[in-house]
Amino acid sequence: PEGYTATDILARYKRAQGFNVLHPMGWDAFGLPAEQFAIKTGQHPRQTTEANIATFKRQIQSLGFSYDWSRELATTDPDYFKWTQWIFLKLYNSYFDPELNKAQAIELLEDALSDNPKRKEEWKVNAYLIGTHDAWKNFTSEQKSFRREFVDRRRLAYVSEQPVWWCEQLGTVLANEEVVDGKSEVGGFPVVRKPMRQWMLRITAYAEKLLTDLDTIDWSDSLKEMQRNWIGRSEGAEVEFRIPNSEFRITVFTTRPDTLFGATYMVLAPEHKLVDRITTPEQREAVSKYKTEVAKKSDLERTELAKEKTGVFTGAYAINPVNGEEIPIWIADYVLASYGTGAIMAVPAHDTRDFEFATKFNLPIVQVVEPPDPKIDWRGFVGDGTSVNSTGPEISITGLPTAEAKKKINAWLESKRLGKKTINYKLRDWLFSRQRYWGEPFPIVWKRDASGNLYHEALPESALPVLPPELTDYKPTATGEPPLARAKGWVNLPDGSTRETNTMPQWAGSCWYYLRFLDAKNPRAFVGKEAESYWMGTPPNPKSEIRNPKSATPGVDLYVGGTEHAVLHLLYARFWHKVLFDLGYVSTPEPFFKLVNQGMVLGEDNQKMSKSRGNVIPVDAPVQEVGTDAFRLYEMFMGPLEMVKPWSTQGVEGVYRFLGRVWRLFVDEKSETEFEQAETTEPQKGAGLLNLIRLDSAIKDVTAISAQLKTLHACIKKVTEDLDNFRFNTAISALMVFVNDAMTWETKPVSVLRDFLILLQPFAPHLAEELWEKLNLAFSLQPLALPYAPWPKFDPALLVESEIEIPVQVNGKLRDVIKVPANADNAAVEAAAKASEKVQQFTAGKTVKKVIVVPKKLVNIVVA
RNA sequence: GCGCGCGUGGCGGAACGGCAGACGCGCCGGACUUAGGAUCCGGUCCCGCAAGGGGUGGAGGUUCAACUCCUCUCGCGCGCACCA
């Protein structure tokens, strides 16, 4: 409720300011967690999903959130996932054009192949593919399958056979992002690497944009940093090492080409393709034994237990291109097959891991970098310095600082065609298929060509939505065959083709729901052009003030959510959005302009709430005890939204008492006693008895005096400014200050109380509306609905004091507080300060060296 | 190990470089009450009768003035982690 309360307050605030506010709610209900719950309770996922939605909806509605329920959606609804499948088709039918740096329709790739000779060269298209687009129709089946493969390899959604994370207990493969410390993110089950044929999404094509565009959006630094780390950009060079008397070449990636002269050995990942080919007969046994050992280790063991380096010599040597020296090639599991080229040049003098390895296996350690400080030991020094011992027959970088050395050696490598500058990313393509029942089916069928080769083909848009088959046994299989394969009648189509039986992951639906909210019922498009550009488009809606006016990037004005989606939903959604942007379906390059992470609410014991600890506060409990308004108010009063903070039952009572004071500010206490008595004697009259409650007789339709206006306008100013900065806790404290003061008033002007209720309404809407209604009735005011009553504007003129208090310091220490006329000039203020008796006590007999007068703030007298 | 964030009363937390502790909880005292776990009034950083002194994890620095800026350091939280 914390994040939802925050957005509801802002939605109500912005609505009162006259903005057109889109504040929606929906259900992201496909995927593993929902299906796991269904299996656990032995029900069909559709049943449990519907039941859970009903429960959540009841709770959410009990909190009085002002959602536009006409836009409610569920990702499991065919009217919704039809468009999830539609977007998948767009991914399938697009490729990433590196020259234009954007996604393009796949037909353009085909056109480019036939029209642009330069492009053909780039793509390394075989000569027989050259011809006009039309000519392709007359290709032989062999040619067609070649062309198909060529195109398929470039789709943003593609099929790939490679080692993937397989989770036995969940019966499905998982994406990198869903595997945490060698276990599944859902359930914490072990996962293993297993080669499988799977659907992938080419998110790596967007690595650079996903990284650089972070600078255009207003997210927290930590969240941006998490995405940056996950994308893991690193600049370096690829260098090619020859193997003597062999055709084979080993390419390594290094961020320190300047240390090339210090490369005294090479290491290949045990899984590297060349390992078996280069291993000498004498070393064959040792190498294959090591490979088997490594294969048995889980990834967890490979990383966590890797304090001690292991590896074996392959018997082969490579030639260091800068000095022609032969260096031994080892294999070791500290080199990962999945990063860079799966091979490294080892520079033990200037890399911690290589240093450990070389020390253990007695490999030579040669200094090639001089640390900037001679006191630092060069052994294991990994920072920047000056190159030494780096002179070869053709190239020397000795004496150059690291940055220049890198530049020079890169240029040399490039001129010799031995290497080139490269950028590497940790980000891998997104594994997009799951062997589960509860997800969107792929709009894909499989066919065989004349020579019997299996190939995939997209269904036409008219075939959407592809509904999943009704299955009584929807549980996953042990073999990894998707449960959908059981529905033979569904799988096999009349024309002999078969349906794809994998389903999409739980993240698919949430990748674009914010777009569907804009136009939730549109039957013709995933979102209508007009609706999209009205809510999301450039130029930014000039009425939006949440949006940073300096940013050219519009999008969703405010997204409140937890950090748990940092490298999952929030990365995936940005990726999909960028593809849709490239293809011209949305008008912004980024989906979410401002994102605020609400901090977790801990249990009263300062621990994370969990069933096992028994410290969970169920939403219904405080709502029943103190009511929705107090609950909302406390959620916001606990502390800053972003901060982690513990729940406190006593704290809830505090804001409950505040609401009681608000009530008594408006209501005649005697009438309340009458109401309570009547309720016990005549309970059958029920709600009608509420009329017994009368407004306090001090509330009058009179002009407010200036002190009252001052109190009101100070409150307006503070609440307005705090809401603009998402500082709910201090806004509430300002409301409390107002009430504390107003309680002492002998006469309470209606106009002031009304404005106060408008300020209170976003936080405590129920109480505010009740009192608003009573005021309207009692004073026959126009019956304007409170949520649309215009937000009051504070008048600075009313806050001006004729006399102000100025603290006076002597040598920076507070000695007195003096009263001066607000319009007093600096000289007058200084004189008044010096005239103060208390001040004189500390200045007597001393020389005044300097007097600092900060207008309307403070006086500091410096004496010696 | 690297990155990000945070250290303020008994507690949650306030403070554009300008009166440290707003507001709330708790506690102490009083009023009203048969009663109070309701409500209202007053008090509440520490030492001190007071005058005054000390105080924002610790040590330095910049400044007339530092919770706020800089350097180092300690502690806590989160994230990443053999990424070449």
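Every chain is numbered from 1 and lettered A, B, ... according to where its sequence line falls, protein lines coming before strand lines. Atoms considered below: every heavy atom in the structure, side chains included; atoms not considered: hydrogens, waters and symmetry mates.
For the C1' atom pair drawn from B:G9 and B:G26, the interatomic distance equals 12 Å after rounding to whole Å. Separating the C1' atom of B:U73 from that of B:G29 is a span of 45 Å, rounded to the nearest Å. To the nearest whole angstrom, the two C1' atoms, one in B:U8 and one in B:A22, are 13 Å apart. Nucleotides B:C23 and B:C69, compared at atom P, are 25 Å apart to the nearest Å. A gap of 41 Å separates the P atoms of B:C16 and B:A84, to the nearest Å. Across B:C25 and B:C6, the matching C1' atoms stand 23 Å from one another, rounded to whole Å. Using atom P as the reference point in both B:U63 and B:U68, the two lie 16 Å apart (nearest Å).
Listed by first and then second residue, the side chain to side chain donor-acceptor pair (under 3.5 Å) pairs involving residues 228-241 of chain A are A:E177-A:W230, A:E208-A:R233, A:E225-A:R228, A:R233-A:E235, A:S234-A:Y339, A:E240-A:R249 (not counting sequence neighbours). Sorted by first and then second residue, the side chain to side chain donor-acceptor pair (under 3.5 Å) pairs involving residues 642-657 of chain A (not counting sequence neighbours) are A:E2-A:K645, A:E604-A:T649.
In this structure A:S836 satisfies the side chain to side chain donor-acceptor pair (under 3.5 Å) test together with A:D816, sequence neighbours excluded. Residues passing the salt bridge (Lys or Arg N to Asp or Glu O under 4.0 Å) test with A:K838: none are found, sequence neighbours excluded. In this structure A:R815 satisfies the salt bridge (Lys or Arg N to Asp or Glu O under 4.0 Å) test with no other residue, sequence neighbours excluded. For A:W219, there are no side chain to side chain donor-acceptor pair (under 3.5 Å) partners at least two apart in sequence or on another chain. Every side chain to side chain contact (heavy atoms under 4.5 Å, CB included) that A:K710 has, sequence neighbours left out, goes to A:L799, A:E801.
Within the 4.0 angstrom heavy-atom criterion, no nucleotide atom of any strand lies near A:D354. As judged by a 4.0 angstrom heavy-atom cut-off over every strand, A:Q841 is placed among residues touching the sugar-phosphate backbone only. At the heavy-atom level, A:K224 lies nowhere under 4.0 Å from the strands shown. At the heavy-atom level, A:R815 lies under 4.0 Å from the strands shown only through sugar-phosphate atoms. Residue A:S733 is in base contact, counting any heavy-atom pair closer than 4.0 Å across all strands shown.
If you measure from atom CD1 of A:I329 to atom C1' of B:A84, you get 17 Å, rounded to the nearest angstrom. Distance, A:R428 CZ to B:C80 P: 17 Å, rounded to whole Å. One atom, CZ of A:R727, and another, C1' of B:G13, lie 14 Å apart when rounded to the nearest Å.
Contacts of residues 596-607 of chain A with RNA chain B (heavy atom under 4.0 Å): none. The stretch residues 642-649 of chain A touches RNA chain B through A:M643, A:V644, A:K645, each having a heavy atom under 4.0 angstrom from the strand.
The structure places CD of A:E721 at 8.0 Å from CG of A:N725, a figure rounded to the nearest 0.5 Å. Considering CE of A:M226 and NE2 of A:H565, their distance stands at 11.5 Å, rounded to 0.5 Å. Separating the NE2 atom in A:H272 from the CD1 atom in A:I329 is a distance of 9.5 Å, to the nearest 0.5 Å. Between atom CE of residue A:M643 and atom CE of residue A:M638 there is a gap of 12.5 Å, rounded to the nearest 0.5 Å.
Here A:N729 reaches the OP1 or OP2 of B:A14: one of its side-chain N or O atoms lies under 4.0 Å away. Look at A:T730 and you won't find any side-chain N or O under 4.0 angstrom from OP1 or OP2 of B:A22.
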Restricting to nitrogen or oxygen on both sides, can you table the protein-nucleotides 60-66 of chain B pairs closer than 3.5 Å?
unit_1: B:C64; atom_1: O2'; unit_2: A:N860; atom_2: ND2; d: 3.2
unit_1: B:C64; atom_1: O2; unit_2: A:N860; atom_2: ND2; d: 2.8

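Look at B:G10: its glycosidic torsion is beyond 90° from 0, and that puts it in the anti range.
Heavy-atom minimum distance, A:P270 versus A:Y290: CG-CE2, 4.0 Å. When every heavy atom of A:C715 is checked against every heavy atom of A:L735, the shortest pair comes out as SG-CD2, 4.0 Å.
Interface remark: the A:K309 side chain does form a donor-acceptor pair with the B:C82 base, using a distance-only criterion of under 3.5 Å.
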Heavy-atom contacts, protein to nucleotides 34-40 of chain B, under 4.0 Å, summarised as B (base), S (sugar-phosphate only) or - (none) per nt, yield -----SS

Fill in: Working for side-chain contact (heavy atoms from CB on, under 4.5 Å), residues A:S733 and A:F637
CA-CA 8 Å; A:S733 117; A:F637 188 61; 4.2 Å; yes

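No hydrogens or angles considered: nothing links the side chains of A:T310 and A:Y334 as a donor-acceptor pair under 3.5 Å.
Consecutive pairing runs in RNA chain B reach the stem threshold at B:1-7 with B:74-80, B:10-12 with B:23-25, B:26-31 with B:39-44, B:45-47 with B:52-54, B:57-61 with B:69-73, where a stem means at least three Watson-Crick or G-U wobble pairs with distances under 3.5 Å.
Taking the six-membered ring where the residue is Trp, A:H350 and A:W378 present tilted rings, their angle falling between 30° and 60°.
Checked by atom type and distance alone, the side chain of A:K224 pairs as donor or acceptor with a backbone atom of A:L214 at under 3.5 Å.
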